[in-house]
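In what follows, a structure is listed as structure tokens, so that the remarks can point back to it.
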Amino acid sequence: MTSTHTDLPVAQFLGGDWVDSATTMPVHNPATGAQIATVADGDEATAIAALDAAAAAQADWAGTDPRHRSDILLRAFGLLHAETDRIARTITLEMGKPLAEARGEVGYGAEFLRWFAEEATRGSGAYFRAPSGGGRIAVRKQPVGPVFAITPWNFPLAMVTRKVAPALAAGCTVVLKPAPQTPLTALEFMRILVEAGVPPGVVNCVTTSRAPLVSAPIIADRRLRKLTFTGSTAVGRTLLTQAAQGVLRVSMELGGNAPFVVLESADLDKAVGGAVLAKLRNAGQACVAADRFLVHEALAAEFTERFLAAVSALPLGDGLDRSTRLGPVIDGAAVRRITALIDEAVDGGAHLHTVGPDIDRPGHFVRPAVLTDVDTRSRLWSSEVFGPVAAIRTFTDPAQALHLANDTDAGLAGYVFGENLGDTLEFAENLRTGMVGVNTGVISDPAAPFGGMKSSGLGREGGSTGLAEYQEMQYLAIAR
Ligand code: SIN
């Protein structure tokens with residue numbers, strides 16, 4: 001079934017069938033506020049139907065050869081590339097990011113398929129003589145079982161492929177619940193997986209505006225073995241509590257509040273270029289986005305001036321317009337939340353530099369803003385911004401900058417710029433974040449372990465350990 005507005009699929013994908021629902025929900029374009037599609041609004045019955053299908057398909061899928069699973073993932077990689085224009089347009093329509101960034105997301109998202117297609121074929125295990133005697137110890141890996149994957153709206157394709165690709169590679173079946181704001185890209189991806197040869201029931205997709213109604217019964221069902229979630233720390237905590245009942249394996253990619261540190265030895269061209277990427281990719285709506293800028297006092301005035309100039313050169317508008325470099329934020333609630341963070345920081349003494357003309361158009365737009373002298377007690381400093389707003393403070397002593405950088409419960413990403421290699425690497429190593437960009441504002445890479453320390457999450461996605469998140473280890477004690 002397709003929408004009348006777009007030709008995108010709008011039904012749930014359950015057990016290999018497109019299933020209509022009596023209850024539907026609207027999907028909006030954040031750049032205009034207009035409704036672009038109506039999709040099925042899943043409930044408890046849909047959730048259980050999806051898990052039924054995943055559980056029924058689990059044994060057969062786990063029994064397939066790794067090479068077979070790898071070939072399917074590689075076909076999906078090729079199909080995604082072949083459909084880059086169409087998928088990128090869908091991402092822009094429902095999420096708002098500029099088309100060039102959406103095309104970048106298709107490439108990034110597809111790369112998880114290729115990476116895990118390759119990882120699927122790398123067998124691993126152990127066989128050795130027990131130190132205490134003549135027995136043998138053998139260790140093998142097996143798929144953990146049916147997976148429930150809950151994905152966010154900010155990367156509607158890449159956050160899905162980051163979870164679905166390793167699950168399929170490991171031999172797990174999946175129930176996917178995409179964010180209610182961005183179900184269309186996920187449904188497009190289901191169509192691509194079918195075309196690539198994924199059998200019925202191996203992947204299922206439940207779209208819903210009522211997340212707890214769908215999530216709770218799936219997580220409580222003892223057939224589920226793994227929960228993987230990307231989203232806010234608050235929701236992650238609730239899901240962890242639910243998952244504890246079934247002692248589920250979990251992967252949690254939660255909120256960040258990334259420090260961006262410019263040491264005295266930094267090259268300002270690199271630092272400003274890195275700041276634009278780390279802050280304004282996806283209009284700041286990334287969990288790895290730089291939020292707290294700590295700039296050495298000797299460079300602060302010039303850094304701020306050049307950063308403001310670079311940001312004001314980015315045309316703001318509808319992502320479908322090819323000249324746009326900065327799109328809207330996801331919805332009206334995001335506009336209100338970000339505006340409140342700015343207002344409170346200004347009330348607390350921060351100096352506001354807004355960038356670009358007033359926005360006089362429908363849709364959910366926030367003018368980029370840079371604030372200096374931001375109080376560390378303000379919510380702008382201490383919480384995840386998820387918008388195009390940068391808070392800057394200066395420092396003279398790197399030890400003071402390190403203390404401020406680490407003075408947060410979040411520990412996902414951090415960035416440090418400096419040309420003195422020894423000092424810069426030492427600073428990077430002392431940051432309590434799971435990922436650090438050293439002289440770069442871009443850290444995401446399917447071949448690298450993505451994840452956080454402290455309350456930013458559990459586990460790592462991607463990289464050479466990403467497959468293990470979907471595998472169970474079994475040890476065989478073999479008598480002599
Ligand atoms: C995220 O914001 O959740 C992920 C960003 C990325 O993969 O770069």
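Bear in mind that the values here come from a model prediction, so they are computed numbers and not experimental data. Whatever order the structure lists ligands and atoms in, that order sets their numbers, starting from 1. Hydrogens, waters and symmetry mates are skipped; everything else that's a heavy atom, side chains included, is used.
- H81 pairs by the ring pair (Phe, Tyr, Trp, His ring centres under 6.0 Å) definition with F77, not counting sequence neighbours.
- Qualifying ring pair (Phe, Tyr, Trp, His ring centres under 6.0 Å) partners for H296, counting only residues two or more places apart in sequence or in other chains: F395.
- The closest side-chain heavy-atom distance from V203 to M190 is below 4.5 Å.
- Checked against the 6.0 Å centroid criterion, the rings of Y470 and W61 do not qualify as a close aromatic pair.
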Close N/O pairs between ligand 1 and protein, under 3.5 Å:
| residue | atom | partner | partner atom | Å |
| --- | --- | --- | --- | --- |
| ligand 1 | 2 (O) | N154 | ND2 | 2.9 |
| ligand 1 | 2 (O) | C287 | N | 2.7 |
| ligand 1 | 7 (O) | Y108 | OH | 2.7 |
| ligand 1 | 7 (O) | R162 | NH1 | 3.4 |
| ligand 1 | 7 (O) | R162 | NH2 | 3.0 |
| ligand 1 | 8 (O) | R281 | NH1 | 3.0 |
| ligand 1 | 8 (O) | R281 | NH2 | 2.9 |
| ligand 1 | 8 (O) | S444 | OG | 2.4 |

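- Looking only at side-chain heavy atoms (C-beta outward), F427 and L425 stay at 4.5 Å or farther from each other.
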Please list, one pair per line, the donor and acceptor atoms closer than 3.5 Å that link side chains of residues 459-468 to other protein atoms, with sequence neighbours excluded.
| residue | atom | partner | partner atom | Å |
| --- | --- | --- | --- | --- |
| R460 | NH1 | G452 | O | 3.1 |
| E461 | OE2 | K163 | NZ | 2.8 |

